[in-house]
2 protein chains.
Amino acid sequence: MPSHKFDRFDRKLLEALQTDGRVPNTDLAEGIGLSPSPCSRRVRLLEESGVIKGYSAILDQEKVGLGLTVFVDIKVERHQEKEAEAFCEAVSVLPEVVMAHLVSGESDFLLQVVVPDLRAYKEFLTNTLLKLPGVRDIRSNFAIQTVKPQSPLPLIHLPG
Amino acid sequence: MPSHKFDRFDRKLLEALQTDGRVPNTDLAEGIGLSPSPCSRRVRLLEESGVIKGYSAILDQEKVGLGLTVFVDIKVERHQEKEAEAFCEAVSVLPEVVMAHLVSGESDFLLQVVVPDLRAYKEFLTNTLLKLPGVRDIRSNFAIQTVKPQSPLPLIHLPG
DNA sequence: AATAAAATTAGCGAATAACACCAATCTTCT
DNA sequence: AGAAGATTGGTGTTATTCGCTAATTTTATT
């Protein structure tokens, strides 16, 4: 299923870049046991093929004033193609929604919502979420404690 | 609650670095309307104060062969301090668990698990999750479609 | 209370150092 | 023999540091 053949260098490289997306190419090369030129070529190829989608700064949620994370279960009206798509589109655009999936199980959609506090969530829920097209039921599960923050993907099955 | 006073420069800066964590300082500076030196100083301060926790490459989950995302609801035995901590510790260490929260609502914990396929999940569930200390009940919700991938934090309430 | 001096803060611009990138050639491993 | 890495050298870009200046706040003194 991987649309790319990876070897041990790619694997090490991707792991290193997930851990520190800003590591200089020279350091990265040394870290994975390669000289700078082929290392930088590999990175470029991985970027061009879309394996590396981009780079991002990881922020401390608390310290930027976003103290509340809510996992929102949403049930929608029996999905008609169009309605479902409209719902997805509407959800994708909301900045407070930092992740959204169509899921199996009790609910239809699972959203991860990040806001400053409970007051802000109340407002977001009533003014935005409840007004989304086709919503039938919403259940809010509040994050009480972060056991493990968003972490690198497990590249365990790759070679190397 | 923000442990830092942000102005409009910081806000623009954090937004830019969330969107492209590898943008050169000169470009970043121009983008936020500042000259390179104060821009790089601000970035450094934000890093040192922990507001910026780090940088990471964003990978294409499919293309690295991780086609399956599962949201796992876990109920545990009536938490004793020790047991709860043991559970959290055990969960944090698992590479397949890319996010974990203690939550309100039906279940106690919500885990985001990433694996290559259903076969791998079955193995992970039976060999690892079900053997975690104090687990009472596990419900697996499979991601059928990614509506919105993990996205930048909404810095809407910051000044500027 | 008002003014002046001092300290703090933050931005700018120039110089130096680090790094990335590219091309060409040589080497190694299969 | 071919594919991929190492090495070298040159070039342009980028980062970092320094001293300087402007604006604001604080403190001291009259």
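Here is how names work: the chains are called A, B, and so on, in the same order as the sequence lines, proteins then strands, and each is numbered from 1. In this text the structure is predicted, and so the values were computed from the model without any measurement.
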Round to a whole Å and report the spacing from CZ of R44(A) to C1' of dG5(D). 15 Å
Are L125(A) and F87(A) connected in a single hydrophobic cluster, I mean Ile/Leu/Val/Met/Phe/Trp/Tyr linked by side-chain heavy atoms less than 4.5 Å apart? yes
Sugar-phosphate, base or nothing in reach of R42(A), heavy atoms under 4.0 Å: sugar-phosphate
Would you kindly give the CG-to-C1' distance between D7(A) and dG5(D), to the nearest whole Å? 12 Å
Is the distance from OP1 or OP2 of dA10(C) to the nearest side-chain N or O of R41(B) less than 4.0 Å? no
Is the distance between the ring centroids of F142(A) and F71(A) less than 6.0 Å? no
From CG of L45(B) over to P of dT17(D), roughly how many Å is that when rounded to an integer? 12 Å
Within 45 degrees of the ring normal and closer than 6.0 Å to the centroid, is that where the cationic atom of R22(A) sits relative to Y55(B)? yes
Backbone N or O of S92(B) within a donor-acceptor pair of the K148(A) side chain at under 3.5 Å? yes
Selection: residues 16-39 of chain B, any non-hydrogen atom under 4.0 Å of DNA chain D: P24(B), N25(B), T26(B), S37(B)
Determine, using the 4.5 Å side-chain heavy-atom cutoff (strictly less than), whether F6(B) and I58(A) are members of one ILVMFWY cluster. no
With no hydrogens and no angle check, just 3.5 Å: does a side-chain donor-acceptor pair link Q61(A) and T69(A)? yes
Send over the distance from F9(B) CZ to dG11(C) C1', rounded to a whole Å. 9 Å
If I take atom CZ in residue F6(A) and atom P in nucleotide dA4(D), what distance separates them, rounded to the nearest angstrom? 16 Å
